[in-house]
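Structure first, then comments.
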Amino acid sequence: MVRFLGFGAGLIFVIALLVGALMPREAAVEDPIKKIHLYPEAARWQQDGPLGMGVFGTYDRAQLQRGFQVYKEVCSACHGLERIAFRNLGALGFSEAEVKALAKAREVPSLDPQTGEPSTRPALPSDHWPSPYPNEVAARAANNNALPPDLSLIIKARPDGKRYVHSLLTGYDKPVPQGFEITEGLHFNPYFHSVAIAMARPLNDEQVTYADGTKATVDQMSMDVTAFLHWASEPELERRRQIGVATLIFLGILTVLAWLTYRKVWAGVAH
Amino acid sequence: MVSTTEAHPGAIGAGRMGAAEAGHEVDGVRRRDFIYVATGAFAGVGAAAVAWPFINQMNPSADVLALASVEVDVSAIQPGQSIKTIWQSKPVFVRNLTAKEQQEADAVPLSELRDPESLADRTLEGHRNWLITLGVCTHLGCIPLGAAEGENKGDYGGYFCPCHGSHYDTAARIRKGPAPTNLVVPNYMFKSPTLVEIG
Amino acid sequence: MSFPWANHYEPKHPLMQWVDQRLPLPRLVYNAVGAGYPVPRNINYWYNFGVLAGVALMIQILTGVVLAMHYSAHVTTAFDSVEHIMRNVNSGWLIRYMHANGASFFFIVVYVHIFRGLYYGSYKAPREVVWMLGVVIFLLMMATAFMGYVLPWGQMSFWGAQVITSLFSAIPLVGEAVRTWLVGGFAPDNATLTRFFSLHYLLPFVILGVVILKIWALHIPGSTNPTGVDVKGPQDTLPFHPYFTAKDFVGICVYLMIFAAFVFFMPNSLGHPDNYIPANPLSTPAHIVPEWYFWPFYAILRAFTVNFLWIPAKLWGVIAMFAAIILLFFLPWLDSSRVKSTSYRPMYRIWFWVLVVDVLILAWMGGAPAEEPYVRISQIASAYYFAHFLIVLPLLSWFEKPLPLPNSIAESVLAKSGHRDDSTAPAAGAGHAGAAAAPAE
């Protein structure tokens, strides 16, 4: 009985599916953007480690500090970094006093202790990086209705994040293909999903002056700020890998011991 | 119940195993023991190592630890007044003692006290008028009255805990009631004459 | 216990005797996973996956309880609290990555376990209830995993909740009402998040309960084995402890190594980047996909593109997706072949591997965008999925001529390991030789 009912149900499902499969398809409208859109270009950072496998790679502290400088002097005008507190910047190699000074240089929203009116005060190390706009409406109003995303998680929030950000930042020089119209107020960038991005070209050569004398080319600044943003997305990365290596070594030995135990227990037993 | 096979669960090959190892029985036993002990010990170490993050996650997180110290501006506190502030999620009383209150505290012989400490022990050199204590009764953790204007300051003019009736004097020392010790003085320092860092 | 030759628990220490007489818990453990449970001696490493699933469940419960200490189930704070776990809580990143990857690994283990059951006929009499309880666990796991994925309240969380709850709106007449009831509003919002959190905390313990029932049911007939021949006597079995505890421990170590490699070195490779973007009810991601372990069923859902027999395509998809799982409940009666192990079923062996490839194709299609040629491939692959269980399997039972079965497990073991027969212990079981080809019913 079950078999007959099942047989019938199976036939109906199969026919319904095959009818669908045999139906002629409307000719697919080709999406012109798909042809222009480019996937991120290959690039490698120190934290990617030897062979790019990322097992032993650690952040380059000097690069993180340069990247932070690029973020602070260029990106932070429009993009927030709300999940990073000033105290976290110690991980970039800044001393406690430097962190305090960095915090003090930024104002964070507060209440006036006398009047209770909204006001600002210099940030403390425990404060988070203040957002450039008080809310989304203000952000859109200031940016031609585009919303500059918060960058704290940007590397994890995009496929192939580091390469994507780097390609995007350096992808403004590509020529607009023949016959492709870019809406007024948008900019052509083939690495952006719609190839028309609201953000104007953010980096130009020598835009920042690096304290360590590194030449500030667009490519250099882009690599640096991407490294910094990777740290912002994954501050636990180095510790994670250290513990990971130790864990795998430990489990490797344990597996060998478990195997020897198994052999010993089963010695002489046919199976 | 079939009992004949009980002693030899691994029936097939059991005899062969015995034959093969008969010659090195002592040796075999020792090596087997070593592997079992090593595996067990290793697994135990692993389990302990895994347990640690699961225990440690309940310790204060990084953002909580970042608030371990606070700065308090005391410029607006007049003699005889006090304020309540918060440090590590606990209330802190900052009290500007009047000359009279200081004299009262100094006048008490230490031998009369349950928890003998002088006012000088409980304040900083050069800032004897600033009495900074946790606002947590040492009995069972209630917040004593007396820090705000018009509150009951108890029989000794300091603080009074309404939960179980502990009276503290002007140096916040326990004088009467169930509390065992004086109100706790946290670590603090004057960064300037009007700015105190607690913690 | 149904094995008269099973070892009996005899506590030696007076304290254990005292406990055993009052609360026979040590006895229960001894009979369940100790020396008191006889297991076919020839089971292979594919049989490790049941224990591994238990390990995966325990990892999920342990890490989940800990995460719930730091998580905040509110739409305004859920995403922030997850990032708080990742950045501020001591070892929080480790525990969260274990939980997120642990879900994927739980499904990997369970999928292997299901296919092992399909290959060795573990669903056949007298183990139908064991199999059906397994399907119940699978359904509960899917519900739990789906609701857990909503909790971080990222973009994929939100739109996953939107899409999956919309499935219920396909039900005629009451669909919209059911969906509104499920999400507690007109779209996923705070009410949805809080109820999903509550259920996500509850269901794993329900799963644990069903797991206990399943182990109980399994212990009546005992495990199947690669020959599919029933256990006939003590020469066919070995006690669970120490033989299979030692073997399972090897499996657990290997499993943990692979698990650790993902947790520590590619913790986000099984997830979707969009879930690191906070939920935005006004903007749908360009390409919505569920977690990978739902892909085969997601492909079946999307494979129905035409209205057929006056039933709209959307409803067909929903019916078929649920039917794809529900039909597993009837598997013990759909396959009437008396031979359990596929090793002795020459025709079914081919179809089995076709099914494996078919499910892999369905998984691939479920993760692909809804455009040609993916849609057509998923339609054909879905058609085979239903045809396999509902048409091929019942027919095969009639046509197929199975290979000769070994007389007993012990005999097959000795033949395989090339041992001479002279050491074979007690002559028990020889009398059953003739009955081997037709397992008793």
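Residue numbers start from 1 in every chain, and the chains themselves are labelled A, B, ... in the order their sequence lines are given, proteins ahead of strands.
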Applying a strict 4.5 Å limit to non-hydrogen atoms, the region of A:Q242 in contact with chain C is neither
Between the OG1 atom in C:T245 and the OH atom in A:Y262, the distance rounded to the nearest 0.5 Å is 12.0 Å
d(A:L251 CG, C:I252 CD1) to nearest 0.5 Å is 11.5 Å
Heaviest contributor of heavy-atom pairs below 4.5 Å to chain C, chosen from A:L5, A:L248, A:V19, A:L22, is A:L248
A:W266 side chain vs C:Y243 backbone, donor-acceptor pair below 3.5 Å: yes
Cut-off 4.5 Å, heavy atoms of chain C, and the answer for A:L257 is neither
Turns out that what part of A:L18 lies under 4.5 Å from chain C's heavy atoms comes down to side chain
Q. Would you call A:L11 and C:F386 a side-chain contact if the rule is heavy atoms closer than 4.5 Å?
A. no
Looking only at C:F389, C:F249, C:W333, C:F265, the option with the highest number of non-hydrogen pairs under 4.5 Å against chain A is C:F265
Residue from C:H84, C:R87, C:M266 scoring the most non-hydrogen pairs under 4.5 Å with chain A is C:R87
Counting heavy-atom pairs under 4.5 angstrom with chain A, the leader among C:Y384, C:Y385, C:F244 is C:F244
Honestly, the part of A:A232 sitting under 4.5 Å from a heavy atom of chain C is backbone
Q) Is there a side-chain contact between A:M23 and C:T305, using heavy atoms and a 4.5 Å cut-off? A) no
When the 4.5 angstrom heavy-atom criterion is applied to A:V256 and chain C, the contacting part is neither
Counting distance only, does the side-chain N/O of A:R240 pair as donor-acceptor with the main-chain N or O of C:F264 below 3.5 Å?
yes
Any non-hydrogen side-chain atom of C:L395 less than 4.5 Å from a side-chain atom of A:F7?
yes
Among C:A286, C:P273, C:C253, C:A387, the residue with the most heavy-atom pairs under 4.5 Å to chain A is C:P273
Greatest number of non-hydrogen atom pairs under 4.5 angstrom with chain C, of A:A9, A:A21, A:G6, falls to A:A21
Under 4.5 Å to a heavy atom of chain C? For A:T255 that would be both
Distance col, row A:S233:OG vs C:E83:CD, nearest 0.5 angstrom, shows 8.0 Å
Passes salt bridge (Lys or Arg N to Asp or Glu O under 4.0 Å), C:D80 versus A:R83? Steps please. CA-CA 8 Å; C:D80 292 343; A:R83 297 181 199 284; 2.9 Å; yes
Side-chain touch C:I277/A:R158, heavy atoms, less than 4.5 angstrom:
yes
